[in-house]
Amino acid sequence: MIIDSHVHIFPPEVIQDRRPHLRAESQFALLYQDPKAVLGSAEELVRAMDRDGVDKALVCGFPWADPGRARTHNDYILQSAAKYPERLIPLACLDPSAPGGLAEAERSLARGAAGLGELGFYGNDLNEPKVKKSLVETSQLCAQADKPLLLHTNEPVGHSYPGKAPMTLQGLYELVKACPETRFQLAHLGGGLFFYELLKKEVKEALRNCVFDTAAAPFLYTPQIYSVFAAVAGAERLLFGSDWPLLRLPRYLKDIQASGMDEQEKSGHLGGNAAAFWRIGA
């Protein structure tokens, strides 16, 4: 089974006219002001999954600051998952620091969201007081509900791109360490945080409930990242995530084949690891 652990869809009204949302939501504008930045629907996602042989996908929205937008988007994802129950697994998304953010997280989890994600702060570091407080509260909510949280992270060095946050690995580490009972999926290979599992015991213990996805990895890393990750953190903690519609599975398969992973590791990466972490089929 192939499971894509990181995709995004948007309601039809946002796809048809993104301009009002660009004006109202600064984070949305950071990522989608370029008209070439593609927005995809549930139907388009399922067709892409059919073409590429992807069995299931964990579906994210966008961390809207406006509670109405967050609610509408989360309802669309829940409805889409109900329409394609064997294919789509719904996650709820919101801005934890916005008014009503925590309440929307509680509402969506109660309605059947499998977890939260992809939560992201694209203009702030995670250790800024308001951001950290809201993320800790939301992470603790996920722990109480026994559901994971998919968090946007990015590497603090290298080239700039839309949505690359001024994020420090220290801020990310402090968040994870403050929420030891939360199961985190750290997007985009955790910004490289996993490298520090080579340090002494503390870091490995702090990251024990974290897995890492490969969303956008072909744009960020060489294919050797897969074998390096396996050697440092364990191949069973690396989840395939495409960041669809940004990229699709075939682009990743090129790097996976060149990665040096054995067949068991490839199988786990493409589906088994996500099934275990998200308890799919359990």
Side-chain angles (χ1 to χ4, degrees), residues 1 3-9 42 45 55-64 67 70-98 100-121 126 131-153 172 175-188 190 206-213 215 236-241 243 271-282:
M1 178 184 293
I3 301 173
D4 191 336
S5 67
H6 185 148
V7 305
H8 295 270
I9 62 174
L45 169 60
D55 297 289
K56 297 180 183 291
L58 285 136
V59 184
C60 308
F62 188 82
W64 303 105
R71 185 184 184 99
T72 297
H73 201 156
N74 290 331
D75 284 347
Y76 173 70
I77 289 176
L78 289 164
Q79 292 160 9
S80 298
K83 183 177 180 180
Y84 301 103
E86 300 302 317
R87 311 299 300 282
L88 306 184
I89 300 167
L91 304 185
C93 199
L94 45 103
D95 180 344
S97 67
L102 189 63
E104 175 58 21
E106 292 174 326
R107 183 193 76 90
S108 297
L109 291 174
R111 290 198 61 205
L116 302 182
E118 176 192 16
L119 304 194
F121 289 88
L126 300 185
V131 170
K132 184 175 181 179
K133 180 178 183 295
S134 66
L135 267 177
V136 167
E137 291 174 345
T138 309
S139 299
Q140 290 173 342
L141 173 66
C142 284
Q144 293 163 8
D146 195 21
K147 294 184 178 182
L149 190 157
L150 168 52
L151 180 67
H152 172 80
T153 68
L172 174 58
L175 170 68
V176 171
K177 192 174 178 182
C179 304
E181 302 306 316
T182 304
R183 291 184 289 137
F184 287 100
Q185 177 176 320
L186 302 182
H188 316 295
L207 300 184
R208 63 184 173 83
N209 283 336
C210 297
V211 297
F212 301 76
D213 75 41
E236 73 281 358
R237 296 169 66 197
L238 187 62
L239 278 56
F240 164 62
D243 219 357
N273 299 346
F277 180 76
W278 288 93
R279 299 172 184 168
I280 297 169

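Computed over heavy atoms, backbone and side chain alike; hydrogens, waters and symmetry mates excluded.
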Step-by-step side-chain contact (heavy atoms from CB on, under 4.5 Å) determination, Glu86 to Lys56
CA-CA 7 Å; Glu86 300 302 317; Lys56 297 180 183 291; 4.1 Å; yes

Go through it in stages, so that I can follow the logic: the residues are Cys179 and Val136, the test is side-chain contact (heavy atoms from CB on, under 4.5 Å), and I'd like the CA-CA distance, side-chain angles, deciding distance and then a yes or no.
CA-CA 7 Å; Cys179 304; Val136 167; 4.1 Å; yes

Check the pair Arg107, Asp75 against salt bridge (charged side-chain N to carboxylate O under 4.0 Å, His left out), reporting the backbone distance first and the verdict last.
CA-CA 10 Å; Arg107 183 193 76 90; Asp75 284 347; 2.9 Å; yes

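- Panel note: side chain Glu236, backbone Ala276; no donor-acceptor pair is recorded below 3.5 Å.
- Smallest separation of non-hydrogen atoms from His6 and Ala187: CE1-CB, 3.6 Å.
- Taking all atoms of both residues into account, the shortest heavy-atom contact from Ile280 to Ala274 is CD1-O, 4.1 Å.
- Summarising the geometry of Val7 relative to Ala57, their closest heavy-atom pair is CG2-CB, 4.0 Å, with the distance given to 0.1 Å.
- For Tyr76 (side chain) and Gly61 (main-chain N/O), no donor-acceptor pair under 3.5 Å exists by modelled atom type.
- Counting heavy atoms from C-beta outward, His8 and Asp243 have side chains that approach closer than 4.5 Å.
- With contacts defined as side-chain heavy-atom distances shorter than 4.5 Å, the pair Phe121/Pro96 qualifies.
- The two residues Asn74 and Ser108 have their closest heavy-atom pair at ND2-OG, 3.6 Å.
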What do the steps show when you test Asp146 against Arg183 for side-chain contact (heavy atoms from CB on, under 4.5 Å), and what is the final call?
CA-CA 8 Å; Asp146 195 21; Arg183 291 184 289 137; 3.5 Å; yes

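- Looking at heavy atoms from C-beta onward, Leu172 lies in side-chain contact with Leu151 at the 4.5 angstrom threshold.
- Using a 4.5 Å heavy-atom threshold, the side chains of Ile77 and Leu91 count as separate.
- Of the possible donor and acceptor atoms, none in the side chain of Arg237 sits under 3.5 Å from a partner among the backbone N and O of Phe212.
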I'd like to know whether Trp278 forms a side-chain contact (heavy atoms from CB on, under 4.5 Å) with Ile3, so could you lay out the CA-CA distance, the side-chain angles of the two residues, the decisive distance to 0.1 Å, and finally the verdict.
CA-CA 11 Å; Trp278 288 93; Ile3 301 173; over 6 Å; no

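- The minimum heavy-atom distance between Gly101 and Leu94, with the atom names listed, is O-CD1, 3.4 Å.
- In this structure, the ring pair (Phe, Tyr, Trp, His ring centres under 6.0 Å) partners of Phe240, at least two apart in sequence or on a different chain, are Tyr252.
- Atom CG of Leu238 and atom CG of Asp213 lie 8.5 Å apart (nearest 0.5 Å).
- Using a 30° and 60° split on the angle between ring planes, Trp64 and His73 fall in the tilted class, from 30° to 60°.
- We find the CG-CG distance between Leu116 and Leu150 to be 9.5 Å, quoted to the nearest 0.5 Å.
- Nearest heavy atoms, Thr182 versus Ser139: OG1-O, 2.8 Å.
- Side-chain contact between Leu135 and Leu126: present, with at least one pair of heavy atoms (C-beta onward) separated by less than 4.5 Å.
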